[in-house]
Amino acid sequence: MQNLANQILKQDIRAIARSISLIENETDISQKEALIDTLHPHCGNAIVWGITGPPGAGKSSLLDRFIEHLRQSNKKVAVIAVDPSSPFSGGAILGDRLRMQKHATDDGVFIRSMASRGHLGGVAGATADAIKVFDAAGFDYVIIETIGVGQTEIEVMELSDIVLLVLVPGLGDEIQAMKAGVMEIGDIFIINKKDLDGADRLKSEIEYVLSLKDSMESASNHSICMTSATQNDGIGDALAQIHSYFSSLHDDGRLAQKRKERIEKELKHIATTKIMASANRFLNIDQRLNDWVEEVFQKKASPYKLLNKKIGEFLQELNWQ
Amino acid sequence: MTKKIRILIAKPGLDGHDRGAKYVARALKDAGYEVIYTGIRQTPDAIVKTAIQEDVDFIGLSLLSGAHNELFPKVVDLLKLKNADDIIIFGGGVIPESDIPGLKEKGIRAVFTPGTPIKDIIAYIESAK
């Protein structure tokens with residue numbers, strides 16, 4: 001494991017790629033855990049962006065332009081592009097990199113496609129640990145591109161320093177922009193395809209929604225940019241706003257706060273997963289489930305009463321009660 | 001959890017006909033594999049670097065222009081150069097029967113010509129994985 005970690009720190013491309021598979025496949029959990037723990041001291045230098053927005057908004061195309069600009073200032077960029085897995089076959093078509101393929105031969109760019117494998121929230125279960133691998137390997141930027149399905153896609157906020165929300169004209173009226181969910185996670189709002197009809201109207205609608213929000217939170221300073229990825233228009237301006245937003249996060253301490261919240265979520269997640277796994281093992285849930293289903297189906301037991309009893313027995317056995 | 005098989009479907013060279021490649025990509029998705037699609041007009045170098053970053057188990061090369069004897073072996077050689085020749089390469093497209101033995105000799109492990117049922121490709125992947 002030390003060996004794989006060392007290769008990652010030396011920026012060995014194959015080692016990075018293989019360790020992400022190790023994280024994704026979960027075939028060897030203890031090996032994965034040892035790897036992440038070994039990399040941990042080397043993490044925290046990368047700036048993490050999340051890029052989200054509805055399908056077809058132009059997330060990949062914009063990202064392609066951003067990479068171009070970041071490479072001009074010699075920054076190393078890693079991209080994790082998440083696409084959905086089929087709930088039926090478990091297979092996936094991972095096609096985001098199609099629009100970034102001109103960077104394929106650039107050694108300063110690493111693009112990894114990731115299937116969601118049933119994980120909800122717009123990213124994959126392996127995304128959080130994969131960010132650490134790229135961070136430790138010395139990438140200046142790690143950019144997560146979400147699936148792009150909509151209102152529930154908020155997990156990217158918990159993983160990134162800055163969330164770029166890409167919107168396009170023609171998706172609906174301002175009520176869409178007022179709904180809870182995805183609109184609330186954006187730090188920078190990017191209206192792509194700005195040459196289309198309705199782009200200016202969309203901008204004023206977003207400004208209106210944000211003005212309501214900003215009047216309640218003094219610390220927020222959202223910015224809205226307008227771009228056309230295919231025409232390479234407005235990209236420099238958007239990047240300047242992203243960089244200045246990041247500087248303000250860094251300077252006023254919100255970045256450290258965000259990163260602490262990220263660690264808090266991560267620890268809670270690890271704790272819940274591990275407790276669930278041991279409880280499953282002790283209670284033998286998978287094997288006993290059939291009997292329980294039968295009891296509940298035949299009205300011999302009710303769900304809460306049954307499980308409160310079983311879990312009570314389990315805790316008693318552990319002497320927790 | 002079990003390991004997921006990842007497959008890169010790539011089109012080297014200047015041929016822009018990608019209906020076959022897209023069909024195979026979609027069918028392999030439906031068979032439960034994770035398929036990465038590069039799009040058309042890829043250089044062998046771009047294909048090999050993509051395969052390594054994506055840590056794929058297989059590369060499927062599709063070519064209809066006639067340059068397969070030139071470009072397929074180039075991908076094999078570059079993979080060897082990068083110590084990644086554990087990745088299995090198969091090919092497809094308009095490839096004359098008489099070219100197939102030569103391609104296999106150069107490291108293309110299987111060749112599927114037009115009309116191949118998709119279940120043959122899946123059976124090959126299952127036997128080689």
Side-chain angles (χ1 to χ4, degrees), chain A residues 12-29 32 60 64 78-119 124-126 130 133-134 137, chain B residues 1-12 18 21-60 75 78-87 118 121-122 125-126 129:
Chain A
D12 181 285
I13 299 296
R14 236 189 158 200
I16 297 170
R18 290 217 150 134
S19 60
I20 293 175
S21 301
L22 172 75
I23 293 165
E24 279 195 295
N25 287 326
E26 293 191 325
T27 36
D28 190 337
I29 305 256
K32 177 196 94 170
S60 308
D64 177 54
V79 174
I80 302 171
V82 189
D83 268 325
S85 294
S86 159
F88 303 103
S89 71
I93 297 262
L94 309 170
D96 285 329
R97 70 175 298 140
L98 186 74
R99 300 185 212 290
M100 304 175 237
Q101 197 58 8
K102 69 165 175 275
H103 305 289
T105 52
D106 179 350
D107 288 330
V109 179
F110 192 126
I111 302 169
R112 178 63 178 244
S113 314
M114 203 175 257
S116 63
R117 300 193 183 178
H119 189 85
V133 172
F134 286 124
Chain B
M1 267 213 183
T2 48
K3 181 184 168 358
K4 270 265 175 215
I5 298 294
R6 289 166 68 87
I7 304 169
L8 178 70
I9 297 293
K11 282 195 65 70
D18 61 352
K22 282 178 176 161
Y23 170 72
V24 171
R26 208 175 62 204
L28 294 177
K29 175 209 78 173
D30 290 339
Y33 305 113
E34 289 183 358
V35 184
I36 294 112
Y37 181 59
T38 61
I40 56 174
R41 302 201 180 105
Q42 299 295 307
T43 61
D45 188 29
I47 292 170
V48 166
K49 285 188 168 156
T50 300
I52 291 174
Q53 290 183 356
E54 298 285 359
D55 194 26
V56 296
D57 306 284
F58 293 86
I59 302 175
V75 177
L78 275 175
L79 272 184
K80 273 194 197 127
L81 207 67
K82 300 267 180 192
N83 289 323
D85 48 348
D86 53 305
I87 300 175
I118 194 72
I121 302 180
I122 294 166
I125 289 167
E126 286 301 307
K129 76 180 183 188

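By convention in this document, chain letters (A, B, ...) are assigned in the order of the sequence lines, proteins followed by strands, and residues within each chain are numbered from 1. Values reported hereafter were calculated over all heavy atoms of this structure, with side chains retained and with hydrogens, waters and symmetry mates removed. Predicted model, so just to flag it, every value in this text is computed and none were measured.
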Legend entry - Max heavy-atom pair count under 4.5 Å with chain B, selected residue of Ala92(A), Ala104(A), Ser86(A): Ala92(A)
Inset, instruction - Can you measure from CD (Glu54(B)) to CE (Met114(A)) and round to the nearest 0.5 angstrom? - result: 9.5 Å
Legend entry - chain B interface, residue from Ile16(A), Ile111(A), Ile13(A) that has the most non-hydrogen pairs under 4.5 Å: Ile111(A)
Could you go through residues 23-32 of chain B and list every donor-acceptor pair under 3.5 Å that involves a side-chain atom there, pairing it with any protein atom two or more places apart or in another chain?
none

Legend entry - Rounded distance [0.5 Å steps], CG in Leu8(B) versus OG in Ser113(A): 9.0 Å
Legend entry - Residue pair Glu24(A) / Lys4(B), side-chain heavy-atom distance below 4.5 Å: no
Legend entry - Top contributor to chain A interface from Ile7(B), Ile52(B), Ile9(B), Asn83(B) [non-hydrogen pairs under 4.5 Å]: Ile52(B)
Legend entry - Heavy-atom side-chain proximity of Glu34(B) to Arg117(A) below 4.5 angstrom: yes
Legend entry - Side chain / backbone / both / neither for Asp107(A) at chain B, heavy atoms under 4.5 Å: side chain
Inset, instruction - Go through the atoms of Val79(A) and report whether side chain, backbone, both or neither lie under 4.5 Å from a heavy atom of chain B. - result: neither
Legend entry - chain B contact via Arg97(A) - side chain, backbone, both or neither, heavy atoms under 4.5 Å: side chain
Inset, instruction - For chain A, find its close neighbours in residues 43-50 of chain B: heavy-atom separation under 4.5 Å, sorted by number, or none. - result: Thr43(B), Asp45(B), Ala46(B), Lys49(B), Thr50(B)
Inset, instruction - Measure across Ala17(A) and Gln53(B) and return the closest heavy-atom pair with its distance rounded to 0.1 Å. - result: CB-O, 3.5 Å
Inset, instruction - Measure the spacing between CD of Gln42(B) and OG1 of Thr105(A) and express it to the nearest 0.5 Å. - result: 9.5 Å
Legend entry - Structural part of Tyr37(B) lying under 4.5 Å from a heavy atom of chain A: both
Inset, instruction - Determine whether more than 12 heavy atoms belonging to other residues, nucleotides or ligands lie under 6.0 Å from atom CZ of Arg6(B). - result: yes
